[in-house]
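Step one of this worksheet: look at the structure below.
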Amino acid sequence: MSSKKVIYFDKVFEEFKQLLQEHTPPGFELWYWQEMDAGEREAKLALADYLLVATTKMDEAICAKAEKARYIQKTGIGVDNIDLEAAGKYGLPVSNTPGGNATGVAELTILLALALYRKIVQVNEATKNGRWLMWELRPSSYEMEGKTHGFIGFGNIGRETAKRSRAFGTELIYYDKYRAPEHVEAELGAAYCSMEEVLRRSDILSLHIPLLPETRGLIGTRELQMMKPTAILLNMARGGIVKEAELYQALQAGVIAGAGIDAWESEPTDPANPLLTLDNVIASPHIGAGTRDTLNKVLTLAFQNMVRVDQGLAPQFVVNGVRTARNSVQ
């Protein structure tokens with residue numbers, strides 16, 4: 001029996017290739033999209049059984065040419081890089097890996113909150129350059145204990161972040177389109193509020209929602225002006241949720257105290273992005289899920305799903321409503 005062909009669409013390097021190979025089940029063969037020329041891409045896309053993607057755009061042309069593909073497997077949770085309508089048109093289920101990246105994103109959220117509160121970027125630079133800021137920053141530095149941590153989005157990532165934040169002694173409030181079950185709220189000590197109340201009450205506000213038409217541009221001048229002048233904003237979700245130009249104006253004017261930004265309107269963000277010039281911004285290149293531990297989790301889930309489909313079962317974690325894998329083994 002010939003091996004099943006899997007195209008991995010994102011950039012790879014040798015250490016990551018080794019990790020991918022370690023997770024590839026027997027009977028499966030990996031091809032690397034970024035290493036193919038145009039001719040190879042067209043030929044191999046027509047032969048691929050599975051399409052494995054992290055952030056590369058999956059458009060209608062790819063869906064149309066992947067004639068043998070059974071489904072598209074996303075490593076991660078957000079599927080805004082995949083044309084779900086086109087995938088559905090060609091009968092391709094799209095699956096993600098829920099919960100696989102929750103720990104990594106949660107830990108980075110807390111890291112950014114602490115780094116902003118303790119001004120760790122500034123003190124690191126100052127100390128290395130011979131300035132001993134032992135006293136100067138104390139009046140504008142804070143502890144998490146006793147603060148209100150507000151969440152917009154309270155799924156797997158939001159809840160994992162809440163567990164860690166609570167350990168620092170914060171009060172937890174959240175808004176989500178879908179309210180969490182009572183036992184989850186009780187276990188975490190989290191109170192459900194309107195979005196406006198979350199904006200007004202939060203000392204720390206973190207975003208953990210997908211980029212959808214209704215969430216694009218959700219946070220702009222109006223919402224930022226509802227927040228406390230001492231509040232910090234953490235965008236751990238998708239860049240399009242926050243209007244960056246309006247966030248810049250708010251930060252520069254002292255409407256809020258600071259921001260940790262891991263997700264950007266355009267990625268990679270323009271080096272001339274004015275947000276990068278501000279001392280009260282900590283910037284990272286969308287690395288919330290950027291750990292070896294997360295890679296192990298999401299690749300395990302992804303390949304387990306492929307094995308499941310190869311055995312004639314429906315894929316798990318489908319997000320576009322196409323429940324039956326295309327070209328299933330008879």
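Computed over heavy atoms, backbone and side chain alike; hydrogens, waters and symmetry mates excluded. Positions are given from 1, in the same order as the sequence printed here.
The CD1 atom of Ile256 sits 5.0 Å away from atom CG of Leu224, with the distance rounded to the nearest 0.5 Å. To the nearest 0.5 Å, atom CG of residue Leu108 and atom CD1 of residue Ile110 are 10.0 Å apart.
One N or O on the side chain of Thr161 and one on the backbone of Ile157 form a donor-acceptor pair closer than 3.5 Å. Judged by distance alone, the side chain of Asn156 and the main-chain N or O of Pro98 form no donor-acceptor pair under 3.5 Å. Looking only at distances, a side-chain donor or acceptor of Arg326 sits under 3.5 Å from a matching main-chain atom of Ala69. Looking at Asn327, its side chain does come within 3.5 Å of a backbone N or O of Glu67 through a donor-acceptor pair. The main-chain N or O of Ala314 is found under 3.5 Å from a side-chain atom of Arg308 such that the two form a donor-acceptor pair. For the pair Asn280 (side chain) and Ala257 (backbone), a donor-acceptor distance under 3.5 Å is present. A donor-acceptor pair under 3.5 Å is absent between the side-chain atoms of Thr215 and the main chain of Leu218, judged by distance alone. The main-chain N or O of Val123 is never found under 3.5 Å from a side-chain atom of Lys119 such that the two would form a donor-acceptor pair. The backbone N or O of Met306 sits nowhere less than 3.5 Å from a side-chain atom of Gln73 that would complete a donor-acceptor pair. A donor-acceptor contact shorter than 3.5 Å is absent between the side chain of Ser3 and the backbone of Phe28.
Asp262 and Ser284 share a donor-acceptor pair across their side chains, judged by distance under 3.5 Å alone.
Salt bridge annotation for Glu196-Arg222: present, with a cationic side-chain nitrogen under 4.0 angstrom from a carboxylate oxygen. Taking a cutoff of 4.0 Å between a charged side-chain nitrogen and a carboxylate oxygen, Lys163 and Glu160 qualify as a salt bridge. Using a 4.0 Å cut-off between a side-chain N of Lys or Arg and a carboxylate O of Asp or Glu, Lys89 and Asp83 do not qualify as a salt bridge. For the pair Arg201 and Glu171, the salt-bridge criterion is met [side-chain N within less than 4.0 Å of a carboxylate O]. We find that Glu15 and Arg292 are joined by a salt bridge, their nearest charged nitrogen and carboxylate oxygen being less than 4.0 Å apart.
Evaluated for a side chain to side chain donor-acceptor pair (under 3.5 Å) with Thr55, the options Asn81, Asp10, Thr75 yield exactly one hit, Asp10. When each of His23, Gln21, Lys17 is checked for a side-chain contact (heavy atoms from CB on, under 4.5 Å) with Leu19, only His23 meets the rule. For the side-chain contact (heavy atoms from CB on, under 4.5 Å) with Trp264, the lone residue among Val242, Asn235, Asn273, Asp270 that qualifies is Asn273.
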Test side-chain contact (heavy atoms from CB on, under 4.5 Å) on Val198 and Phe151 and set out the steps.
-> CA-CA 7 Å; Val198 171; Phe151 296 79; over 6 Å; no
Verdict with reasoning, Val281 to Tyr248, per side-chain contact (heavy atoms from CB on, under 4.5 Å) = CA-CA 9 Å; Val281 167; Tyr248 171 76; over 6 Å; no
List the steps and the verdict of side-chain contact (heavy atoms from CB on, under 4.5 Å) for Leu51 and Phe9.
-> CA-CA 8 Å; Leu51 310 181; Phe9 282 83; 3.7 Å; yes
Test log, rule side-chain contact (heavy atoms from CB on, under 4.5 Å), inputs Arg238 and His286 | CA-CA 9 Å; Arg238 289 293 186 270; His286 207 147; 3.5 Å; yes
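Remark: Lys147 fails to qualify as a cation-pi partner of Tyr142 under the 6.0 Å distance and 45° angle criteria applied to the six-membered ring.
What you find for Lys228 and Ser202 is that their closest heavy atoms are CD-O, 3.8 Å.
Tyr192 and Tyr174 have their aromatic ring centers within a separation under 6.0 angstrom.
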